[in-house]
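Okay, so here's the structure we're looking at.
Nothing fancy with the numbering, it's 1 onward along the sequence.
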Amino acid sequence: MHLKQLASIVLFLSCVLSWAQEPPPKGGRQINIVYGANFTKDEAQFPGASIFSRDDERQVQFEHQGADLWCDIAIFYAEENRLKAIGNIRMQQGDSIEMNSGKMDYDGNSKLAKAWETVDLTNGQMTLTTDTLYFDRENQKAYYNSGGKVVDSANVLTSKIGTYFMTPKKYQFQRQVHIDNPDYIIDSEQLDYYTTSKNAYMYGPSTITGEEYKIYCERGFYDTKIEQGYGIKNTRIDYDNKIIEGDSLYFDKASEFASATNNIKITDTINNGVIRAHYAEVHKAKDSVFATKRAVSISLVEKDSLYMHGDTLMVTGKAESRILRAFRNAKFYKTDLSGKCDSIHFDETTGITQLIKDPIIWNVENQITGDSIHLISDMETEKLDSLKVIENAFIISLDTIGGTGYNQAKGINLYGKFIENELKIIDLVKNTELVYYIYNDDQELIGVNKSKCSKIRLEMANNDIEDITFFVQPDGDIFPEDQWSQQSQKLQGFIWRGDERIMSKDEIFDEDDNNIPLVKIRGIDNPIDIDAEENERQNNENDPLNKVVAQPNTKATKPKKPVLTKKEQNP
């Protein structure tokens, strides 16, 4: 053995003996040398450091509080309890965490490692790669701030800033967060991701784009395994040719279902229709929408908005063959036409709107009633075409000049014709009767026409009667004003319902509609993290200090469910 080699061995052993005799450094236990291989010193370049390098058989190895580190070269500062590792570095913590890099600084007092040059960290379920990674062993987390990529069995995730919490196996990504999956893409400004459950929690502007849907929210949850989740702040879903917006939205790809709660707007991008409500469901397979709680459908009819309301609204069927139903307390309004009944049925294929059970409509100043009322639209021009009143047809309008009497016409059935969206011709057939106030050009009452016949035609102009034609043996007379008071001024079945007339779109809602208590959306102020709640629950169950002897008549309480489960959405 050469003298120089012997001197190196003696120096190495003396260093090891001196470290063993020294007390642990302040702030942490001493880093231990497991295998030093070649040893030297360079006081000029690394004052106070011992330099170890690998030999032909093994790398240099250190151990510190449950972690082992291997490298080609280590510059070890024993008094400061820190080292610099260079070349083919591998740090192993327990059976799961492994970190590899080209260079590393490790402080045994703070248990903080800084690794750079082709860094990767794995836990058996995922791999994180970045150019610089900080591994905080004291708090069991690793973080980067210069861009990183995480790959697991389901997703590839990238971001500018990221922190990995090892105990819950959770990532917290920030800035330009991107998740790439064969079935969808997620982009977010801040996102928490659990590598075990594959659940993602989004904070700030976030977009999820799937093959048949697109979701935007500023706070939400998404199960990336089954493509199911919800948004609870500024949320929008583009789904099945519909845009769904609301305070909170739920989505499930497997069941082809979406629901919304509070201040909802559903836009039909094909038919340019809108539904507003405080609870709604969209069923893609059935191509249907169900809406309730102040529900209203808004559609365009000849450059005028038609508002249709019911306690419940349903839209079913494919584009151009859809059916709209309004159930219970149904009402509608547009500028020159309004009405109400128990329920409304609109078939887009035929263009027929049926008003069912106790229907009434107001065409400007004209009140029209009957057992059943149909409004027929021309679906090519999207204009009202005609009107049918079946059984007990009755039309009434106030005599606006005199201010006290009523113009009236009745028959078994009524047929009306719209021209340019204005009711121009009204035909009353079978057992028709008429009461009509006649004035001269000076607005002086001439008399009142009271007649009967088989058919009456009323021709309208400016929403007022311009001409009256009687068919088949009319029987009647014109009574002067002094004789009219002696006649029966109201036809049999006359009921004036002017106080019920709907004068604006707001009047389609009653007091109950306007005072519906809205569901309180959990998680807007205090974010909900289902995984964190479950971890805390399990930790509490496993903590022996939290185990108590059960007492008689005590009931266990279940943990709170997250907001926006399907069951919670049902009214």
Side-chain angles (χ1 to χ4, degrees), residues 1-122 128-140 142-146:
M1 180 178 292
H2 293 290
L3 182 62
K4 186 175 181 180
Q5 289 176 321
L6 179 60
S8 296
I9 294 171
V10 171
L11 180 59
F12 170 72
L13 291 174
S14 64
C15 289
V16 172
L17 289 172
S18 66
W19 296 331
Q21 293 169 358
E22 289 180 359
K26 292 181 179 181
R29 200 177 74 187
Q30 179 69 48
I31 299 172
N32 297 319
I33 304 171
V34 178
Y35 185 74
N38 298 315
F39 169 79
T40 187
K41 277 181 169 288
D42 187 344
E43 290 296 329
Q45 188 171 359
F46 305 108
S50 298
I51 304 172
F52 300 92
S53 59
R54 68 170 298 159
D55 57 24
D56 293 336
E57 296 181 0
R58 292 176 60 182
Q59 286 184 295
V60 178
Q61 182 181 354
F62 290 83
E63 183 277 333
H64 186 246
Q65 292 186 273
D68 290 284
L69 183 147
W70 292 265
C71 62
D72 292 342
I73 300 172
I75 303 167
F76 181 42
Y77 295 85
E79 291 186 5
E80 299 175 24
N81 201 30
R82 64 183 179 89
L83 64 82
K84 291 179 177 289
I86 302 170
N88 298 308
I89 301 164
R90 177 167 64 94
M91 175 178 276
Q92 182 79 40
Q93 177 180 279
D95 296 329
S96 58
I97 301 298
E98 180 180 314
M99 182 168 67
N100 300 280
S101 66
K103 294 180 180 178
M104 182 188 294
D105 288 343
Y106 182 72
D107 188 323
N109 298 327
S110 63
K111 296 173 70 173
L112 177 65
K114 176 187 176 183
W116 67 100
E117 287 190 5
T118 318
V119 185
D120 68 71
L121 182 144
T122 63
L128 161 64
T129 57
T130 181
D131 57 7
T132 303
L133 183 68
Y134 298 87
F135 184 2
D136 182 352
R137 296 188 58 236
E138 182 67 31
N139 297 300
Q140 285 297 287
Y143 53 93
Y144 59 86
N145 53 28
S146 56

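Remark: N81 CG to Y106 OH distance equals 8.0 Å, nearest 0.5 Å. Note: D55 CG to Y35 OH = 3.5 Å, rounded to the nearest 0.5 Å. Between the OG atom of S101 and the CZ atom of R90 there is a distance of 12.0 Å, given to the nearest 0.5 Å. Rounded to the nearest 0.5 angstrom, I75 CD1 and I73 CD1 are separated by 7.5 Å. Atom CD1 in I31 sits 10.5 Å away from atom CD in E80 (nearest 0.5 Å). Here the CD-CD distance, from Q92 to E63, works out to 12.5 Å after rounding to the nearest 0.5 Å.
Here the shortest heavy-atom pairing between I89 and I86 reads CD1-N, 3.9 Å. The two residues G87 and Q59 come nearest to each other via the heavy atoms O-NE2, 4.0 Å. Here the shortest heavy-atom pairing between E43 and G48 reads OE1-N, 3.0 Å. Annotation for P47 and A44: closest pair CD-O, 4.4 Å, computed over non-hydrogen atoms. Across all their heavy atoms, Q30 and H64 have their closest contact at O-CD2, 3.6 Å. Nearest approach of A113 to M104, heavy atoms of both residues: CB-SD, 4.1 Å.
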Quiz item: Going through the distances and angles, do W70 and V34 end up as a side-chain contact (heavy atoms from CB on, under 4.5 Å)?
Solution: CA-CA 10 Å; W70 292 265; V34 178; over 6 Å; no

Exercise. Begin with the C-alpha distance, continue with both residues' side-chain angles, and end with the deciding distance and a verdict on side-chain contact (heavy atoms from CB on, under 4.5 Å) for I97 and F135.
Key: CA-CA 11 Å; I97 301 298; F135 184 2; 4.0 Å; yes

Practice problem: Mind running side-chain contact (heavy atoms from CB on, under 4.5 Å) on E138 and L112 for me, showing each step along the way? | Solution: CA-CA 7 Å; E138 182 67 31; L112 177 65; over 6 Å; no

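Using a cut-off of 4.0 Å between Lys/Arg side-chain N and Asp/Glu carboxylate O, R54 and D72 are scored as salt-bridged.
Tested against V119, the residues N100, L133, L128 include a single side chain to side chain contact (heavy atoms under 4.5 Å, CB included) partner, L133.
Between the side chain of K84 and the backbone N or O of F76 there is no donor-acceptor pair closer than 3.5 Å. Of the possible donor and acceptor atoms, one in the side chain of R137 sits under 3.5 Å from a partner among the backbone N and O of Q65.
Scored by the side chain to side chain donor-acceptor pair (under 3.5 Å) test, Y144 finds S159 as partners (sequence neighbours excluded).
In this structure, the side chains of N109 and R82 stay at 4.5 Å or more apart for every pair of heavy atoms. Using a 4.5 Å heavy-atom cutoff, the side chains of K114 and T132 are in contact.
Note on ring orientation: taking the six-membered ring where Trp is involved, the planes of F52 and F62 are perpendicular (angle over 60°, cut-offs 30° and 60°).
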